[in-house]
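Report on the following structure.
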Amino acid sequence: MENYLDSLNPAQRAAVEYCDGPQLVIAGAGSGKTRVLTMKIAYLLQHGYEPSDIIALTFTKKAATEMQNRIQELVGAGRARRLWMGTFHSLFSRILRREAERIGFPHDFTIYDQQDSRNLVKAIIKEMGLDDKQYKPNSIQAIISNAKNNLVTPSMYMANRELIMYDQQARRPRTSEIYVNYWNRCQQAGAMDFDDLLLYTNILFRDHPDVLQFYQDYFKYVLVDEYQDTNRAQHMIVEQLSRQHRHLCVVGDDAQSIYSFRGANIRNILDLSKQIPDIKIFKLEQNYRSTQNIVDAANSLISKNREQIRKTIFSQKERGSLLRLSGSYSDLEEAYQVAQRIEALHKQEGFHYADCAVLYRTNAQSRTLEEALRKRGIEYRIFGGLSFYQRKEIKDVLAYLRLIINPADEESFKRVVNYPARGIGDTTVGKLVEAMRTTGTNLFEVCSDPVGHSVAVNRGTEKKLTDFAQMIRHFQELNQTLNAYELTSRVVIESCIKADLAGDTSIEAKSRRENVEELLTAIQTFVISGAEEGNEHTQLVDFLADVSLSGDVEPNEDENTNHDYVAMMTIHQAKGLEFQNVFIVGIEEDLLPSDMSIDEPNGVEEERRLFYVAITRAEQNCFLSYARSRFRNGQSKACRPSRFLKDIDQRFVQTLSSPTSSYGDGGFSTGGGTFGESRTVGTFSNSYRPEPQRPAEQPRRSVLDLNHPRKVATRPTDALSHETSITFGGHLLEKGTRIVHDRFGKGTITDLSGTADNARINVHFDTMGDKTLLLKFAKFTLDK
DNA sequence: TAGGATAACTTTTTT
DNA sequence: AGTTATCCTA
């Protein structure tokens, strides 16, 4: 602890020791950013600051947890715990709860996740009688989110000519009204969405100078991680909080700004030195993570971006292996190759599976990879996808809990009022909503006394409604005496959720039951750890607050759990992580860069940064791959290698294999290697040796006419007679004929059978093994 | 109103 | 491909 500063290089040390005013630390990939932040906090604690004086903001819960753990090691758990450390969303929701009544919210307001918020937007569009083709809920939600991230309230939106004009041109003139209604409905429901947490913090500070004054004074030191990912709302919070003491430490890397879709504004970091002229800039340029080849390759890529803070990232590690690029015919084959290489790394080079990560642009890509790994018996774990708390059965239980805490919560009410089924259908709920809108109360009030709110329902329905309200009230009473775990157990039983799931014999229902059990376990764990920290009576409200902002639960791991698995995740999720071996797959046009990004301003630059982030995750080996065809949205589509592959200086790349295209070529040529060679690649040479360029693709091959297979045989179709040859589409097929298949790549025909529509061939594919193809459907061409 | 069957749509990334 | 929305029937 005494000499921990000695472990830092001069640049890092300078950044840690400078505490005289605002500072900006530009921290290149792998430059020890987290280390500097944690050391700095330890340094501050050693120099007279109390833990509670310090607020340290991160973007992900994972980052917060990691930093918390590292600081615990330096200063002990007791002190570390008293730091204000966490995500923007979680820390400011805490402050908002404390100050809730100042901005007209109950202190136990609900937090709407994006699904809740989309449902509400959708409901409002419907209620307004608008066409949801014109007013797409997703787009409207994005517009509202964007407005909030830029601190534009509904009234400001209404008053903004530019926005209104834009909406008119986009043929959705009533967007601003939807925003107003959405805003009011959230308020009525006592609910905030993710963006509200930041926006209302700003509103709180704006409308209550005494509150701002208090926190400005309270936080003596403000630290922010990943500043390149802040949006305007976050930027303003930081700016205001640090205005008084001016002890601000902002860390970030403009080259790794990848969250603009969430409102992040790279200008926040690029322009910071203009906004705060006396801000002191520190640059961490030495990369401790990756080999020189990896760093150089990444640098050459990112240099193609226009706007960035100048810096020279370098590595003093060994030169290392070149990046290895391989192309394949299809996503299937790509996955196969990745699995094959991981196995080679494991068996031949002694790497653990846990040293390997497969990174992709979209979650949907994980399926194919998953299958390939499973076939080889390689352990893997997929991160992300839909989190535990987003599963239907979990959201159902949570909705009950949320409703108990905050009966005004509209989305939770709608979710469970008829689950399990109790005869309260859409029609009735529609009437309740109507009454809610006219009387200005919330759904639960209306439900408790439908007739009093002049809802036209019959006796039976009225009873169903009041019974439901009564049940929720009963749970509220239980919540006074029971802890969160005990209460939830009762809720699951008395709401009949348990019975409903038990009555379902399907396989999925079994896993739902297990998930509900797991939720109960998670709650109990929460209660127990709460007790350990001195909270005798852990409240349900605490659990819910925790859940809604905490991406996912860690699966319970004991000593029986296997820890040696390949990590599979999106590139976004990989940020901040590092692996010995990184596989970046699907480096194709329309995927990386994503086709969604291409017409966005600066969209392609952001995608390039994303690729940069992916490459810089690798310590030793970085494998790049693309496929020529890929299943997307249910059908196979031709793909071209990404433009970004050309952005990397080819001196740092070795081409392992590239498929000869069975489609027209996209004009990309890396040369080198035939498909057949790819199976022999198992050793990884460390030589620094650019591949010689070879002539590009061979001419286009003819494709059999798939829609109109010609009848070739005239004999009656005797079942699967063996044939020595079959003519098909004007070509002669016989044993030994080489073919190129759309998805399986190259192979040799080993057997032929059947005739006419029933004709089929057995093929041994070079990498994909033996397959039987029905000629009528198979998509292949002759090789040569 | 419930539940099944068909149609439609989706897909960028996450707090 | 897979999920979700909508429609239709009982």
>> Would you say A:E393 and A:N515 are linked by a side-chain donor-acceptor pair, where the criterion is simply a distance under 3.5 Å?
In response: yes

> Hey, is the side chain of A:S597 poking within less than 4.0 Å of OP1 or OP2 on B:dT13, counting only N and O atoms?
Replying inline: no

>> Run the ring-ring contact (aromatic ring centres under 6.0 Å, His included) test against A:F468 and tell me which residues pass, sequence neighbours left out.
In response: A:F413

> side-chain hydrogen bond (donor to acceptor under 3.5 Å, both in side chains) with A:T87: which residues, sequence neighbours excluded?
Replying inline: A:S90

> Which residue pairs pass the salt bridge (Lys or Arg N to Asp or Glu O under 4.0 Å) test with at least one member in residues 89-100 of chain A, sequence neighbours excluded?
Replying inline: none

> Within this structure, what is the NZ-to-P distance between A:K136 and B:dC9, rounded to whole angstrom?
Replying inline: 9 Å

>> Expressed as a whole number of angstroms, how long is the span from A:H572:NE2 to B:dT14:C1'?
In response: 8 Å

> In whole angstrom, what separates A:Q114's CD from B:dT11's P?
Replying inline: 12 Å

>> Would you say that A:L369 contacts A:Y360 through its side chain, given a criterion of any heavy-atom pair below 4.5 Å between the two side chains?
In response: yes

>> Holding to ring-ring contact (aromatic ring centres under 6.0 Å, His included), I want the full list of residues that pass it with A:F59, two or more places apart in sequence or in another chain.
In response: A:F88

> If you measure only the distance, is there a donor-acceptor pair under 3.5 Å linking the side chains of A:T461 and A:N458?
Replying inline: yes

>> Can you tell me which nucleotide in B:dT13, B:dT15, B:dT11 comes closest to the side chain of A:M596?
In response: B:dT11

>> Over all strands shown, is A:R367 touching base, sugar-phosphate only, or nothing at heavy-atom distances under 4.0 angstrom?
In response: sugar-phosphate

>> Side-chain N or O of A:N363 versus OP1/OP2 of B:dT11: is the shortest distance under 4.0 Å?
In response: no

> Can you tell me how far P of B:dT15 sits from NZ of A:K62, to the nearest Å?
Replying inline: 9 Å

> side chain to side chain contact (heavy atoms under 4.5 Å, CB included) with A:K463: which residues, sequence neighbours excluded?
Replying inline: A:D467

> What is the distance from CZ of A:F383 to C1' of B:dT13, rounded to the nearest Å?
Replying inline: 17 Å

>> Reading DNA chain B from 5' onward, which residue's closest nucleotide shows up sooner: A:S594 or A:F59?
In response: A:S594

> Looking at residues 256-264 of chain A, who's got a heavy atom less than 4.0 Å off DNA chain B?
Replying inline: A:Y259, A:F261, A:R262

>> What verdict does the side chain to side chain donor-acceptor pair (under 3.5 Å) test give for A:D193 and A:Y182, after you've listed the backbone C-alpha separation in whole Å, the side-chain angles of each residue and the deciding distance to 0.1 Å?
In response: CA-CA 11 Å; A:D193 64 26; A:Y182 176 80; 2.8 Å; yes

> Who pairs with A:Y227 by ring-ring contact (aromatic ring centres under 6.0 Å, His included), at least two apart in sequence or on another chain?
Replying inline: A:H235

>> From C-beta outward on A:T428, which listed nucleotide comes closest to its side chain: B:dT15, B:dT1, B:dT14?
In response: B:dT1

> Taking CZ from A:F194 and C1' from B:dT14, how many angstroms apart are they, rounded to a whole number?
Replying inline: 8 Å

>> If I take atom NZ in residue A:K122 and atom C1' in nucleotide B:dA8, what distance separates them, rounded to the nearest angstrom?
In response: 12 Å

> Mind checking which nucleotides bracket the chain A contacts on DNA chain C, 5' to 3', with an atom under 4.0 Å from a heavy atom?
Replying inline: C:dA1 to C:dA5

> Using a heavy-atom distance cut-off of less than 4.0 Å, which residues of residues 91-100 of chain A contact DNA chain B?
Replying inline: none

>> How many whole angstroms separate atom CD of A:Q635 from atom P of B:dC9?
In response: 15 Å

> OP1, OP2 of B:dT1 versus side-chain N and O of A:T427: anything below 4.0 Å?
Replying inline: yes

> Any luck finding a side-chain donor-acceptor pair between A:E371 and A:T368 under 3.5 Å?
Replying inline: no

> side chain to side chain contact (heavy atoms under 4.5 Å, CB included) with A:D113: which residues, sequence neighbours excluded?
Replying inline: A:Q115, A:D116, A:F194, A:K395

>> For the residue pair A:E588 / A:S642, report whether a side-chain donor-acceptor contact shorter than 3.5 Å exists.
In response: no

Strictly under 3.5 Å: I want the nitrogen or oxygen pairs between protein and nucleotides 2-5 of chain B, one per line.
residue	atom	partner	partner atom	Å
B:dA2	OP1	A:G423	N	2.9
B:dA2	OP2	A:N418	ND2	3.1

>> Does B:dT15 have its OP1 or OP2 closer than 4.0 Å to a side-chain nitrogen or oxygen of A:S548?
In response: no

> By ring-ring contact (aromatic ring centres under 6.0 Å, His included), which residues pair with A:F644, not counting sequence neighbours?
Replying inline: none

>> Any side-chain N or O of A:Q573 below 4.0 angstrom from OP1/OP2 of B:dT14?
In response: yes

> Step by step, would you call A:S117 with A:Q141 a side chain to side chain donor-acceptor pair (under 3.5 Å)?
Replying inline: CA-CA 8 Å; A:S117 116; A:Q141 191 191 13; 2.6 Å; yes

